[in-house]
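Just so it is clear: chains get the letters A, B, ... in the order the sequence lines come, proteins before strands, and each one is counted from 1.
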Amino acid sequence: MPRITLPDGLQRTYPEPVTAVEVAADIGPGLAKATLAVEVDGKLRDADFLIRDDAKLRVITERDPEGLQIIRHSCAHLLAQAVKQLFPEAQVTIGPVVEDGFYYDFAFPRPFTPEDLEAIEARMKELARQDLVVSHQVIDRSRAIAFFRSAGEEYKARIIESIPEAEPLTLYSQGDFTDLCRGPHVPSTGRLKAFKLTKLAGAYWRGDSRNEMLQRIYGTAWPDKKALKEYLQRLAEAEKRDHRKIGRRLGLFHFQPEAPGMVFWHDHGWRVYQEIENYIRAQLQSRGYQEVRTPQIIDRSLWEKSGHISKFGEVMFMTQSEEREFAIKPMNCPAHIQIFNQGLKSYRDLPLRMSEFGSCHRNEPSGALHGLLRVRGFTQDDAHIFCTEGQIQDEVSGLIDLVFAVYRDFGFSDVQIRLATRPENRVGSDELWDQAENALRATLEATKLEWSLNPGDGAFYGPKIDFSLRDSIGRVWQLGTIQLDFSMPARLDASYVAPDGSRKVPVMIHRAVLGSLERFIGVLIEHHAGALPLWLAPLQAVVLSLTERQAEAASTVAEILKNQGFRVESDLRNETISLKIREHAMQRVPYLLIVGAREAENRTVAVRTRSGEDLGAMPLEQFLSRLRNEIACRGRNVLEG
RNA sequence: GCCCAUGUAGCUCAGUCGGCAGAGCACUUCCUUGGUAAGGAAGAGGUCACCGGUUCGAUUCCGGUUAUGGGCUCCA
């Protein structure tokens with residue numbers, strides 16, 4: 001006599017065991033039809049799950065987040081079924097749900113082609129149209145292994161062998177296709193209404209680069225065609241914001257084959273870069289930092305002593321001269337310790353905050369390079385704080401404060417914090433790691449900010465707090481980091497004299513707020529779709545002469561603005577005003593100032609924004625104060641289009 | 001580094017089933033002196049990424065290299 005409790009608290013009692021979907025049907029035929037799966041006592045189950053005892057039941061439809069996951073997961077199975085029908089010799093492996101979609105990895109002797117992808121998608125649609133019933137059965141482990149082995153599915157058999165003995169195994173079948181799966185799945189393939197295969201990729205078996213490479217097919221799936229269309233439009237929007245395209249169009253920077261992963265900054269891009277650097281410099285000056293500059297090329301021996309060679313020597317650029325081997329620095333920390341080590345330091349010198357716009361090079365794998373977002377030559381807004389153990393908490397909370405202040409000035413408010421703990425590959429004793437992780441945890445707890453744990457993702461020398469932010473179209477970028485280091489100062493012989501006269505090793509905090517300036521600028525460009533806020537815009541205003549007769553008046557206006565410290569040019573070309581406006585608006589210049597006969601006569605400018613807003617004619621003084629106000633706000637106010 | 005794809009004018013892209021390479025925009029010159037997102041005309045511009053092979057002939061087919069793109073691994 002199961003008594004079933006629904007989410008709204010209502011209860012239904014049945015004389016004998018019922019399936020979940022039967023309960024849904026009792027509530028309403030519409031709900032039964034919409035049922036994708038159910039949640040029974042907190043566990044996701046298939047719609048036909050037999051409820052024998054009292055239970056809490058929640059029906060999952062496509063409107064629930066879990067429902068969408070189930071749709072995507074079932075789409076992965078549909079993909080595998082289509083592939084097996086078209087290419088019987090392909091072996092199935094795994095097919096999980098990912099953000100916005102799903103994928104399935106296959107072992108197949110030849111590469112899939114884009115034409116194959118079309119054929120597979122067509123077959124998927126056909127199978128969905130057939131509305132095949134999805135059934136499932138629990139199966140004994142050894143029988144499951146035998147089943148897949150006999151079907152030639154070696155990978156699947158290996159997957160089962162790696163599943164713990166105690167776990168029950170479930171086989172899901174639809175038509176001629178059977179796959180091992182935890183489930184749940186949609187009741188029938190007709191429930192899969194809006195999907196699209198998106199890309200082909202290679203992927204290592206079990207994610208290990210020593211293993212053979214499988215072929216991965218990615219797809220996206222949504223409850224209905226409208227949601228699918230919206231998703232595809234979002235992708236198109238992201239593509240329009242691509243910093244590589246915008247960078248070229250606005251003449252900010254370029255890359256070329258002779259220097260892969262290294263940026264050629266053009267005049268306009270470099271203005272943005274310098275503006276950001278100067279902003280950070282001002283922040284640091286008011287927070288008690290010293291700024292230093294250290295060599296690009298340092299003898300190998302220092303990197304051996306610091307532990308860098310053994311931990312990530314692979315990505316270090318090496319060079320040599322006169323039979324000595326040098327490394328091009330991939331990080332600034334060992335160099336900063338060298339400065340710290342000059343002269344005897346007292347506990348009175350701590351905390352010592354040493355910053356550098358540190359130019360670093362890392363020989364990233366060629367396949368990892370990506371515009372400004374992943375480069376080989378970059379500049380960190382780096383700093384190292386040498387302090388005592390007792391100062392850690394104050395310093396770290398000061399840093400969190402700095403990070404939030406800076407992000408706000410750049411117009412980012414949605415910041416996520418993650419605490420990354422000890423990785424497998426690390427230096428230092430477990431005791432030190434305990435101490436370091438606890439110090440960071442305690443500081444985070446004291447801030448009352450929300451944060452989450454990211455186990456195993458710490459740096460090799462210490463745990464860290466990472467800061468990620470969400471941009472205007474919802475993407476998340478990891479930027480800032482605060483890393484505790486109890487190891488490197490000792491390795492490189494840093495010490496200070498404690499109050500009792502003894503020598504002690506300082507704790508070092510590695511930190512960056514923006515991470516790499518290159519990467520940050522890439523993020524900013526995408527966030528603003530190229531329309532950088534006034535304080536960062538490479539050109540803040542262009543003065544446009546209406547005809548050649550206003551050339552002198554327009555030049556004068558431009559000169560006045562330049563003398564006031566603004567980045568301004570004049571456009572005196574013999575072109576129509578429409579053309580000039582179009583060109584500069586497309587270059588995302590915040591303000592376009594038109595000087596025609598009327599303005600020249602009244603000593604005013606007609607002001608128009610890059611987004612098309614006409615502010616009318618105003619005296620130059622009035623425009624200047626507008627500029628000053630807007631710049632003072634930085635990104636904290638509006639983010640105009 | 002691994003898998004797949006791509007590389008044609010400054011940019012965006014056509015095209016050649018192997019036979020002297022095209023468009024739009026940009027550029028140059030001329031005309032136009034125009035009031036808020038493209039005024040008109042003419043001209044110039046390419047070793048079809050690089051190296052090798054097949055071929056009477058290769059931008060096209062094949063192999064290699066390189067860069068870029070999408071993934072995988074990595075991201076200290």
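Under the ring pair (Phe, Tyr, Trp, His ring centres under 6.0 Å) criterion, A:F623 pairs with A:Y591, sequence neighbours left out. For A:R300, the salt bridge (Lys or Arg N to Asp or Glu O under 4.0 Å) partners two or more places apart in sequence, or in a different chain, are A:E304, A:E325. Not a single ring pair (Phe, Tyr, Trp, His ring centres under 6.0 Å) links A:F326 to another residue, sequence neighbours left out. Scored by the side chain to side chain donor-acceptor pair (under 3.5 Å) test, A:H73 finds no partners at all (sequence neighbours excluded). By the side-chain contact (heavy atoms from CB on, under 4.5 Å) test, A:R582 pairs with A:M586, sequence neighbours left out.
Within the 4.0 angstrom heavy-atom criterion, base atoms lie near A:R362. Within 4.0 Å of A:I594, counting heavy atoms only, lies at least one base atom of the nucleic acid. Among the atoms of the strands shown, base atoms are found under 4.0 Å from some heavy atom of A:R608. Residue A:G207 is in sugar-phosphate contact alone, with no base atom involved, counting any heavy-atom pair closer than 4.0 Å across all strands shown. Within the 4.0 angstrom heavy-atom criterion, only backbone atoms of the sugar-phosphate kind lie near A:Y461; the bases stay farther away. Using a 4.0 Å heavy-atom distance criterion, A:E314 is classed as making no nucleic acid contact. Counting any heavy atom pair closer than 4.0 Å across all strands shown, A:A368 reaches a base atom. If you check every strand for non-hydrogen atoms under 4.0 Å, A:H584 touches nothing.
Taking a pair as Watson-Crick or G-U with both hydrogen-bonding distances under 3.5 Å, the stems of three or more pairs touching RNA chain B are B:1-7 with B:66-72, B:10-13 with B:22-25, B:27-31 with B:39-43, B:49-53 with B:61-65.
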Intermediate values then yes/no, side chain to side chain donor-acceptor pair (under 3.5 Å), A:S162 and A:R206: CA-CA 11 Å; A:S162 67; A:R206 301 213 142 134; 3.2 Å; yes
Worked check of side-chain contact (heavy atoms from CB on, under 4.5 Å) between A:I417 and A:F467: CA-CA 5 Å; A:I417 306 175; A:F467 299 89; 3.9 Å; yes
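Checked by distance alone, A:Y204 brings a side-chain donor or acceptor within 3.5 Å of a matching partner on the base of B:G1.
Taking atom P in both B:U60 and B:G52, one finds a spacing of 13 Å when rounded to whole Å. With both ends at atom C1', the span from B:A37 to B:C72 equals 44 Å, rounded to whole Å. Between B:G53 and B:U59, the distance separating the two P atoms is 13 Å to the nearest Å. Comparing B:G43 with B:U33, their C1' atoms sit 24 Å apart, to the nearest whole Å. B:U54 and B:A44 have their P atoms separated by 39 Å, given to the nearest Å. Taking the C1' atoms as reference points, B:U28 lies 14 Å from B:G10, given to the whole Å. On the P atoms, B:C25 is 23 Å away from B:A21, given to the nearest whole Å.
Atoms CZ (A:R216) and P (B:C3) sit 16 Å apart, rounded to a whole Å. Atom-to-atom, CG of A:L117 to C1' of B:G71 comes out at 13 Å; the value is rounded to the nearest Å.
A cation-pi contact links A:R158 to A:Y155, judged by a cut-off of 6.0 Å to the six-membered ring centre and 45° from its axis.
A close approach under 4.0 Å does occur between a side-chain nitrogen or oxygen of A:Y218 and OP1 or OP2 of B:C72. Remark: A:K199 is in phosphate contact with B:G71, judged by side-chain N or O atoms under 4.0 Å from OP1 or OP2.
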Which atom pairs link the protein and nucleotides 59-67 of chain B when you take only N or O atoms and keep those under 3.5 Å?
none

Quick one: which protein N/O atoms are closer than 3.5 Å to N/O atoms of nucleotides 26-32 of chain B? Pair and distance per line, please.
{"residue": "B:U32", "atom": "O4", "partner": "A:N574", "partner atom": "ND2", "Å": "2.0"}

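Here B:U73 is the nucleotide among B:G35, B:C74, B:U73 with the atom lying nearest to any side-chain atom of A:S209. Closest approach to the A:T547 side chain among B:U33, B:G71, B:A37 is made by B:U33 (side chain taken as heavy atoms from C-beta onward). In the set B:U36, B:U33, B:C74, the nucleotide with an atom closest to the side chain of A:R374 is B:C74.
Counting only residues at least two apart or on different chains, the salt bridge (Lys or Arg N to Asp or Glu O under 4.0 Å) pairs with a member in residues 354-365 of chain A are A:K329-A:E356, A:E364-A:R374.
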Heavy-atom protein contacts under 4.0 Å, nucleotides 4-10 of chain B, coded B base, S sugar-phosphate only, - none: S------
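Across residues 595-605 of chain A, A:G596, A:A597, A:R598, A:E599 each have a non-hydrogen atom less than 4.0 Å from an atom of RNA chain B (numbered order). Residues from residues 242-250 of chain A with heavy atoms under 4.0 angstrom of RNA chain B, sorted by number: A:R244, A:R248.
For A:K245 (side chain) and A:K240 (main-chain N/O), no donor-acceptor pair under 3.5 Å exists by modelled atom type.
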